[in-house]
Novice: 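Okay, here's the structure, questions in a sec.
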Amino acid sequence: MNSVSDRVAALSPSLTLAIDAQAKRMKAEGQDVVGFGAGEPDFDTPQHIKDAAAAALAAGFTKYTPSSGLPELRQAVADKFKRENGLEYKPSQIIVSCGGKHSCFNTIMATCQRGDEVLIPAPYWLSYPEMAKLAEATPVILETTDETEFKVTPDQLRAAITPRTKLFILNSPSNPTGSVYTPDEVKALGAVCVEHNLWIMSDDIYERLLYDGAEHRNMATFGPEYQARTIIVHGLAKAWSMTGWRLGFCAAPEPVAKAMDAMQSHSTSNPTSFAQKGGIAALTGPMDHLPLWLAEFDKRRLFAWEKLNAIPGLACCKAQGAFYLFPNISATGLKSTDFCARLLEKEKVAAVPGIAFGADDYIRLSYATGMATIEKGLERLERFVRSL
Ligand SMILES: *Cc1c(COP(=O)(O)O)cnc(C)c1O
């Protein structure tokens, strides 16, 4: 009688958040922990965004807004897609949610149900399969390795499609691998989805975090038949460093947007009113912080990538996006959970085991942390690997 539902019983809590919490706890105890676990930029939210939210709060902008967001914010999101992606959306197709994660959840709940299969390339963002399960759908994992820069091919996608397949999830630039699909690769995967009439969830949260001249191109930009089956998930967490604000958004075909609006109106209602005012400032204001952040991220990325590949036993792809590196640890003979537990215990370095992302031969290192921390952490990592 008083047991939890089958729907949640099988759910595993987020391992990335757990590792982060453990590292923070050790730090609070006075231990000299180096954290590579962070899934958020180490920069502060730009001042003009904070000012806009503070002014809204001071002016008493503290009441309910429409559940899918302020009309002005939905318009600002639609303008962003027009300006940066050349995509036309009506504000009614834009749903503002409590974080990009919430937008992903809404998308999966609005498109999938019991018996449906959801195609998820691995390494994947750890919440996707759990969300599919919450929708009582079946996650179907498409395995990739560093040999193909963690990219699925159209043939691999096609081979996994069954009459039950409902949704394909693409996250480029990727968390956890940092890998970026080229425009041609995106289009080729999209063509398979068009051919088989699948929904596509395009998680574009790292859209602006690109290096080495890599280009991001969203699936929906390849034509109306692509846009008609694509739901774009995006948000302010990463490129504006607003993780704690809980603001994300979706651009979706009208029926899906309507369903998400209804769901939201019965669950969370609107994202925080004054945070939305900050969101408007973020989307309509200057972006001069971003080149500075990107230059800093890039410096760290190149430094860490070279260092990692100089450690005998580790091998790391040159990720072109986000702020993660995903080295292969298989030559050490350890699996990822064991590797990370021992690394934290022996050297007080926090990294996330790849198994959390469906890839047990890898670990995830975030370089969204200061250069001095990265240097110290990699020295310790090297000592650890050499001691094995
Ligand atoms: C960070 C992240 C999101 C969104 O995070 P929120 O904090 O909920 O906005 C979505 N997808 C991926 C892959 C992410 O890494």
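Order of listing sets the numbers, starting from 1, for every ligand and every atom in it.
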Novice: Distance under 4.0 Å to a non-hydrogen atom of Gly99: what atoms of ligand 1 satisfy this?
Specialist: 8 (O), 9 (O)
Novice: Within 45 degrees of the axis of the six-membered ring of Tyr89 and under 6.0 Å from its centre: does Lys82 put its NZ or CZ there?
Specialist: no
Novice: Answer with yes or no whether Glu40 contacts ligand 1, where contact means a heavy atom under 4.0 Å from a ligand atom.
Specialist: no
Novice: Counting only heavy atoms not in Lys166, do more than 12 sit closer than 6.0 Å to its NZ atom?
Specialist: yes
Novice: Only heavy atoms of Lys238, strictly under 4.0 Å: list the atoms of ligand 1 that pass.
Specialist: 1 (C), 2 (C), 3 (C), 5 (O), 14 (C), 15 (O)
Novice: Any N or O of Ala237 that comes nearer than 3.5 Å to an N or O of ligand 1?
Specialist: no
Novice: State, without any angle test, whether Asn309 and Lys318 hold a side-chain donor-acceptor pair at a distance under 3.5 Å.
Specialist: no
Novice: Can you list the steps and then say if Tyr362 with Phe357 is a ring pair (Phe, Tyr, Trp, His ring centres under 6.0 Å)?
Specialist: CA-CA 9 Å; Tyr362 303 85; Phe357 313 100; over 10 Å; no
Novice: How long is the gap from CZ on Phe384 to CG on Leu388, to the nearest 0.5 Å?
Specialist: 4.5 Å
Novice: So is there a nitrogen or oxygen of His102 less than 3.5 Å from a nitrogen or oxygen in ligand 1?
Specialist: no
Novice: What about Tyr324: any of its N or O atoms under 3.5 Å from an N or O on ligand 1?
Specialist: no
Novice: Is the side chain of Arg300 donor-acceptor paired with the backbone N or O of Tyr367 at a distance under 3.5 Å, no angle test?
Specialist: yes
Novice: Find the distance between CG (Leu157) and CD1 (Ile161) and round it off to the nearest 0.5 Å.
Specialist: 4.5 Å
Novice: What is the closest protein heavy atom to atom 15 (O) of ligand 1, and at what distance does it sit?
Specialist: Tyr206 OH, 2.6 Å
Novice: Would you say ligand 1 has an N or O under 3.5 Å from any N or O of Lys101?
Specialist: yes
Novice: I need the atoms of ligand 1 closer than 4.0 Å to a non-hydrogen atom of Asn171, numbered in the order shown.
Specialist: 13 (C)
Novice: Roughly how far, to the nearest 0.5 Å, is the NZ atom of Lys238 from the CG atom of Asp204?
Specialist: 12.5 Å
Novice: Give the residue and atom name of whichever protein heavy atom lies nearest to atom 7 (O) of ligand 1, and the separation in Å to one decimal.
Specialist: Arg246 NH1, 2.8 Å
Novice: Do me a favour and list the nearest non-hydrogen protein atom to atom 9 (O) of ligand 1 with residue, atom name and distance?
Specialist: Gly100 N, 2.7 Å
Novice: Quick one: does Gly235 get within less than 4.0 Å of ligand 1, heavy atoms only?
Specialist: no
Novice: Quick check on the 6.0 Å ring-centre criterion: do Phe297 and Phe43 meet it?
Specialist: yes
Novice: If I apply the N/O under 3.5 Å rule, does Asp203 come out as touching ligand 1?
Specialist: yes
